[in-house]
Amino acid sequence: MRLDRFLANLPQYNRQQVRLLLAQRRVRVDGQAVDDPRCEVRVFSHVQVDGQVLQTGEPARYLMLHKPAGCVSATRDPEHTTVLDLLPPALREGLHIAGRLDYNTTGLLLLTNDGQWSRRLTQPRTKQPKTYLVHTEDEIGTHYVARFREGFHFAFEDLTTLPAQLDILGPREARLVIVEGRYHQVKRMFGQFDNKVVALHREQMGAIRLDPGLAPGAYRELDATEIASV
Ligand code: URA
């Protein structure tokens, strides 16, 4: 919400007082004096006027988890272990997954309570690269590379995938960088060649790499640089 609306919604200020408070730079958002009425106030923002706290701000949380195979990317599931079950109960509250992985896919999974942050990371229009290590049942031909670059038509959504970069690492192994996260996207791309993906591991999202120190099932908080990179 805009700062001027946030302040005017409070019982103690009318619009004219809000304009004055801003003009006199008496409002601080996250410690910074602000005079721009359009400054965005979020549930995470700390807001004060003349040193009096109007909103303390919820802590924003950002975690990376090394997702093991055999658990679902959901916050709840009646049958299977979920990725949230791998976190201590006190940490789970309010978290959602920024870019799901399939049941048997392993690797980097990001969890947060910050919806804007996760949208910036996952929406195709922001073109944040996601890097996967792929193992396939059959050999990966050199002709795949151009096809991945050109894009595949996905009939169900009636869309053509954005250019993807495929680096062939071995007869049945490749590294793939895509900028979208369509449903089963990597498996469906290889499916266009009738080549089954037998193992899939996400190494990186945007500038955030899976920490090599994290064993499958382990997690850590993101550092400030990782959070700011999105
Ligand atoms: N593409 C897939 O097919 N599966 C995943 O888990 C991630 C990307």
Side-chain angles (χ1 to χ4, degrees), residues 63-77 79-87 95-112 117-141 144-145 147-170 172-211 214-219 230:
L63 302 177
M64 78 158 71
L65 171 77
H66 185 163
K67 181 190 174 296
C71 71
V72 287
S73 287
T75 48
R76 229 176 275 171
D77 190 279
E79 271 176 64
H80 302 104
T81 305
T82 72
V83 290
L84 277 205
D85 293 331
L86 302 170
L87 304 176
L95 291 184
H96 64 263
I97 298 157
R100 291 157 188 265
L101 291 175
D102 294 338
Y103 187 70
N104 278 324
T105 302
T106 58
L108 177 65
L109 195 80
L110 296 170
L111 298 122
T112 181
W117 187 86
S118 59
R119 276 195 291 281
R120 281 202 299 279
L121 193 63
T122 55
Q123 277 178 358
R125 69 179 168 79
T126 62
K127 297 207 171 54
Q128 292 271 354
K130 286 98 194 169
T131 307
Y132 292 89
L133 195 59
V134 190
H135 287 89
T136 56
E137 194 162 83
D138 299 322
E139 285 202 10
I140 301 169
Y144 282 31
V145 175
R147 292 285 293 108
F148 273 79
R149 201 182 316 116
E150 287 155 16
F152 300 99
H153 184 248
F154 281 1
F156 183 72
E157 299 94 332
D158 190 21
L159 58 81
T160 300
T161 56
L162 292 168
Q165 190 191 323
L166 184 75
D167 290 315
I168 300 174
L169 304 176
R172 294 179 180 77
E173 184 181 358
R175 180 166 284 117
L176 175 66
V177 183
I178 57 176
V179 293
E180 302 151 286
R182 308 278 172 203
Y183 182 65
H184 294 327
Q185 178 159 345
V186 177
K187 291 173 187 163
R188 288 164 77 195
M189 289 170 125
F190 281 89
Q192 304 266 338
F193 302 95
D194 267 336
N195 194 353
K196 189 173 170 202
V197 171
V198 293
L200 187 58
H201 179 81
R202 185 157 64 198
E203 299 178 312
Q204 190 165 347
M205 292 181 83
I208 305 173
R209 286 191 71 80
L210 177 64
D211 189 328
L214 287 180
Y219 72 92
V230 174

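Count residues from 1 along the sequence. In each ligand, atom 1 is the first atom listed, and ligand 1 is the first ligand listed.
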Closer than 3.5 angstrom, by distance alone: can the side chain of Thr160 be matched with the main-chain N or O of Gly151 as a donor-acceptor pair? no
Heavy atoms under 4.0 Å from ligand 1: which residues qualify? Leu101, Asp102, Thr105, Tyr132, His184, Gln185, Val186, Lys187, Leu200
Closest approach of Asp85 and His80, non-hydrogen atoms and distance? OD2-O, 4.2 Å
Arg209: partners by salt bridge (Lys or Arg N to Asp or Glu O under 4.0 Å), with sequence neighbours left out: none
Which atom names give the shortest non-hydrogen contact between Leu65 and Leu210, and what distance separates them? O-CD1, 4.2 Å
Partners passing side-chain contact (heavy atoms from CB on, under 4.5 Å) against Ala74 (at least two apart in sequence or in another chain): Val72, Arg100
Got a sec, which residues hit side-chain contact (heavy atoms from CB on, under 4.5 Å) with Ser118, two or more places apart in sequence or on another chain? His96, Ala98, Thr112
